[in-house]
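Just so it is clear, the structure is predicted and the values come from calculations on it, not from any experiment.
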Amino acid sequence: MVRVTGGLRGPSPEERPHPEGRRNSQGIRIDPEAEAEPRTRTAVVSALVEHEPGVLSRVSGLFSRRQFNIESLTVGPTTVDGHARITLVVEETDPGIDQVKKQLAKLKPAISVGELDDDAVRAELVLLKVRGDEPDKVHAITQMYEGQTLDAGPRTITVQITGDHGKIDDAVDAFRQFGIIEIARTGQTALARGDTPTTPGEEPGHTAEPAGDGADRGVPDTNSD
């Protein structure tokens, strides 16, 4: 019987390379850098809800409890009586955005929830109160951004600018040179382009045809003596 006294040549265990990261429950090794920095994106979510008291507080409470990264939230009426549209701008990972839509759809007042395409029509509004030391220059900047002067006095000027997110950011930066005293900015609101419904299955409200003489509408008169 031959006895082997030496092992195979090679680096010691301490010198051998060790893969970084850990394995998930399926045994797949996870890249620690990819796991530490999940990729996020900005999405616009539109929801039709029953316009009832407290619906906005319920929606905002839902997102605050779950700590979703909500950039803005707006609400307003639609063409259907008793319905309101909520527009959310969120910055989350894809799974996070899916959860936003699922949790919103679970609310009792929710009728329909959907995410808008990147080419949707988007707009927001900002009110800026700036120092009035240079009114001519303030007016020029306002005109450049197609804005409107709402109030002008000897000490302050208040203007209104509407447009997409980028335009609003640029306008705010342009007015900083005068000294912004106060600012009020709405969140984004949005509609899908063309005849695409903004939320799945959405239909506009229909106005009832006014009553009148049937003959005026080309309807035969069925009354007879």
Side-chain angles (χ1 to χ4, degrees), residues 38-51 54-80 83-107 109-130 141-142 144-148 150 158-176 180 182-205:
R39 184 171 299 177
T40 62
R41 65 182 179 90
T42 299
V44 179
V45 177
S46 180
L48 286 180
V49 299
E50 298 286 349
H51 201 179
V55 64
L56 185 58
S57 63
R58 293 177 63 182
V59 171
S60 59
L62 167 68
F63 294 132
S64 64
R65 290 194 304 272
R66 296 184 175 272
Q67 297 183 339
F68 289 121
N69 188 11
I70 304 300
E71 290 191 357
S72 67
L73 185 157
T74 62
V75 61
T78 71
T79 58
V80 179
H83 289 183
R85 184 187 310 282
I86 293 176
T87 305
L88 289 164
V89 180
V90 299
E91 185 178 352
E92 284 284 348
T93 60
D94 282 330
I97 293 170
D98 288 340
Q99 278 300 310
V100 167
K101 293 184 287 187
K102 289 177 181 179
Q103 294 301 322
L104 189 55
K106 287 180 181 178
L107 289 179
I111 300 169
S112 180
V113 179
E115 181 181 347
L116 292 173
D117 293 334
D118 291 339
D119 68 344
V121 180
R122 311 180 190 190
E124 60 179 296
L125 177 147
V126 64
L127 299 179
L128 292 154
K129 182 185 293 184
V130 301
I141 296 295
T142 304
M144 184 172 68
Y145 287 97
E146 302 174 311
Q148 181 181 2
L150 302 181
T158 302
V159 301
Q160 170 186 295
I161 307 292
T162 58
D164 60 30
H165 189 76
K167 177 181 177 181
I168 298 296
D169 283 345
D170 292 343
V172 171
D173 288 340
F175 279 105
R176 293 189 192 281
I180 298 176
E182 292 177 339
I183 184 171
R185 182 169 177 172
T186 68
Q188 291 188 50
T189 188
L191 293 175
R193 287 189 179 274
D195 57 1
T196 302
T198 298
T199 57
E202 180 178 358
E203 294 184 0

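- Contact of the Leu107 side chain with the Val49 side chain is not registered, since no non-hydrogen atoms from C-beta on lie closer than 4.5 Å.
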Donor-acceptor pairs under 3.5 Å, side chain of residues 189-201 to any protein atom, not counting sequence neighbours: which ones?
from: Arg193; atom 1: NE; to: Asp119; atom 2: O; distance (Å): 2.5
from: Thr198; atom 1: OG1; to: Ala192; atom 2: N; distance (Å): 3.1
from: Thr199; atom 1: OG1; to: Glu202; atom 2: OE1; distance (Å): 3.1

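- Minimum interatomic distance between Glu92 and Gln67 (heavy atoms only, all atoms of both residues): OE2-O, 4.2 Å.
- Considering all non-hydrogen atoms of both residues, Ile180 and Val172 come closest at CD1-O, 3.7 Å.
- Closest of all the heavy-atom pairs between Val44 and Arg122 is CG2-NH1, 3.4 Å.
- For the atom pair CD1 (Ile86) and CG (Leu48), the distance works out to 9.5 Å, reported to the nearest 0.5 Å.
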Show your working on side chain to side chain contact (heavy atoms under 4.5 Å, CB included) between Ile97 and Arg41 and close with a plain yes or no. CA-CA 9 Å; Ile97 293 170; Arg41 65 182 179 90; 3.6 Å; yes
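- Residues Leu104 and Leu62 approach most closely at N-CD2, 4.1 Å, considering heavy atoms.
- The minimum heavy-atom distance between Ile161 and Ala171, with the atom names listed, is CG2-CB, 4.1 Å.
- No side-chain heavy atom of His51 sits less than 4.5 Å from a side-chain heavy atom of Thr78.
- With rounding to the nearest 0.5 Å, the separation of CD in Gln160 from CG in Leu125 is 4.5 Å.
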Decide side chain to side chain contact (heavy atoms under 4.5 Å, CB included) for Val159 and Val130; before the verdict, give the C-alpha distance in whole Å, the side-chain angles of both, and the deciding distance to 0.1 Å. CA-CA 8 Å; Val159 301; Val130 301; 5.8 Å; no
Starting from the C-alpha separation in whole Å, work towards a yes-or-no answer on side chain to side chain contact (heavy atoms under 4.5 Å, CB included) for Leu73 and Leu56. CA-CA 9 Å; Leu73 185 157; Leu56 185 58; 3.0 Å; yes
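- Shown here is Asp173, whose CG atom has more than 12 heavy atoms of other residues, nucleotides or ligands within 6.0 Å.
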Where do Phe63 and Leu88 land on the side chain to side chain contact (heavy atoms under 4.5 Å, CB included) test, with the steps shown first? CA-CA 11 Å; Phe63 294 132; Leu88 289 164; 3.4 Å; yes
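- Separating the CZ atom in Arg176 from the CD1 atom in Ile183 is a distance of 7.0 Å, to the nearest 0.5 Å.
- Counting non-hydrogen atoms of neighbouring residues, nucleotides and ligands closer than 6.0 angstrom, the CD atom of Glu146 reaches no more than 12 such neighbours.
- We find that Asp164 and Lys167 are not joined by a salt bridge, their nearest charged nitrogen and carboxylate oxygen being 4.0 Å or further apart.
- Remark: Asp170 CG to His165 NE2 distance equals 10.0 Å, nearest 0.5 Å.
- Annotation: salt bridge (charged side-chain N to carboxylate O under 4.0 Å, His left out) contacts of Glu124 (sequence neighbours excluded): Arg185.
- In this structure, Ile111 and Glu50 approach most closely via the heavy-atom pair CD1-OE2, 3.8 Å.
- A salt bridge links Asp98 with Lys101: at least one charged nitrogen is closer than 4.0 Å to a carboxylate oxygen.
- Side chains of Leu127 and Lys129 form no contact here, defined as non-hydrogen atoms less than 4.5 Å apart.
- A distance of 5.5 Å separates NZ of Lys102 from CD of Gln99, quoted to the nearest 0.5 Å.
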